[in-house]
Amino acid sequence: MRGTAITPTLKLATARLEFSSHRRFTQVLQLVAVAALVFLAVAIGRELMADNLATATALKDMTQQNAALRADLERTRTELELERSTREALARQVAVLNEEANALESRLAFFNAQSGRTGKPR
């Protein structure tokens, strides 16, 4: 026998002992780890999408509510302006009616004075 010749038997005898099931176990474990990472990435993505959808829905609701409040504010401002103008018109009308009442009272006092009545004017 030669000491330098490597025979298949010697190669087999000096090789590391590896069980094929151990290699399969490692491959299965790696596959499970990859699948878990993919599942985790998908779950995080769905959660982010749900948050974005909820935020978009809330933004849409707030925008609609804001538009409704602006319309209500504009309607209230219009009503306030109408009330102010009505109040001013009524104040002017009261002033005119007071002037007419004063004029009528002075005419009545004049007629009473001309007719000789000495009573208190009505």
Side-chain angles (χ1 to χ4, degrees):
M1 270 205 202
R2 294 184 176 167
T4 59
I6 299 177
T7 62
T9 306
L10 181 62
K11 196 182 222 183
L12 186 61
T14 58
R16 281 183 20 181
L17 181 62
E18 291 183 13
F19 295 106
S20 62
S21 65
H22 179 67
R23 191 173 357 144
R24 285 186 189 152
F25 178 73
T26 304
Q27 288 175 346
V28 168
L29 190 60
Q30 288 173 349
L31 181 64
V32 167
V34 168
L37 287 175
V38 168
F39 176 75
L40 184 63
V42 168
I44 291 172
R46 287 184 65 196
E47 197 65 32
L48 289 175
M49 290 296 287
D51 287 345
N52 286 343
L53 183 62
T55 303
T57 303
L59 179 63
K60 181 181 175 187
D61 291 343
M62 290 293 179
T63 303
Q64 289 175 347
Q65 185 180 12
N66 194 13
L69 288 174
R70 285 183 191 272
D72 191 34
L73 178 64
E74 190 61 34
R75 182 185 52 81
T76 304
R77 282 183 180 162
T78 303
E79 289 175 0
L80 180 62
E81 280 298 315
L82 180 63
E83 181 182 343
R84 284 180 181 166
S85 64
T86 303
R87 184 176 292 161
E88 289 173 4
L90 287 174
R92 284 190 302 269
Q93 188 177 6
V94 165
V96 168
L97 290 174
N98 281 336
E99 288 177 10
E100 286 181 21
N102 289 337
L104 288 174
E105 283 179 3
S106 61
R107 285 175 71 189
L108 180 62
F110 175 76
F111 287 134
N112 284 338
Q114 292 296 322
S115 66
R117 293 185 187 169
T118 58
K120 190 175 186 182
R122 297 182 188 173

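Nothing here was measured: the structure is a model prediction, and the numbers come from that model.
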Measure the spacing between [atom1] of [X] and [atom2] of [Y] and express it to the nearest 0.5 Å.
X	Y	atom1	atom2	answer
T78	L73	OG1	CG	9.0 Å
R75	L80	CZ	CG	12.0 Å
Q114	R107	CD	CZ	13.0 Å
D72	E74	CG	CD	10.5 Å
L48	I44	CG	CD1	7.5 Å
L69	M62	CG	CE	10.5 Å

Inset, instruction - For side-chain contact (heavy atoms from CB on, under 4.5 Å), just list the numbers for E105 and N102, CA-CA rounded to whole Å, side-chain angles, deciding distance to a tenth of an Å, and then say yes or no. - result: CA-CA 5 Å; E105 283 179 3; N102 289 337; 4.2 Å; yes
Inset, instruction - With the side chain counted from C-beta on, respond yes when L97 and Q93 share a heavy-atom pair under 4.5 Å apart, and no when they do not. - result: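 L97 vs Q93: side chains touch.
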Inset, instruction - Answer yes or no: is there an ion pair linking R87 with E83, defined by an N-O contact shorter than 4.0 Å? - result: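 Yes.
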Legend entry - Within 6.0 angstrom of E47 CD, more than 12 heavy atoms from elsewhere: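 For E47, atom CD is not crowded (no more than 12 foreign heavy atoms under 6.0 Å).
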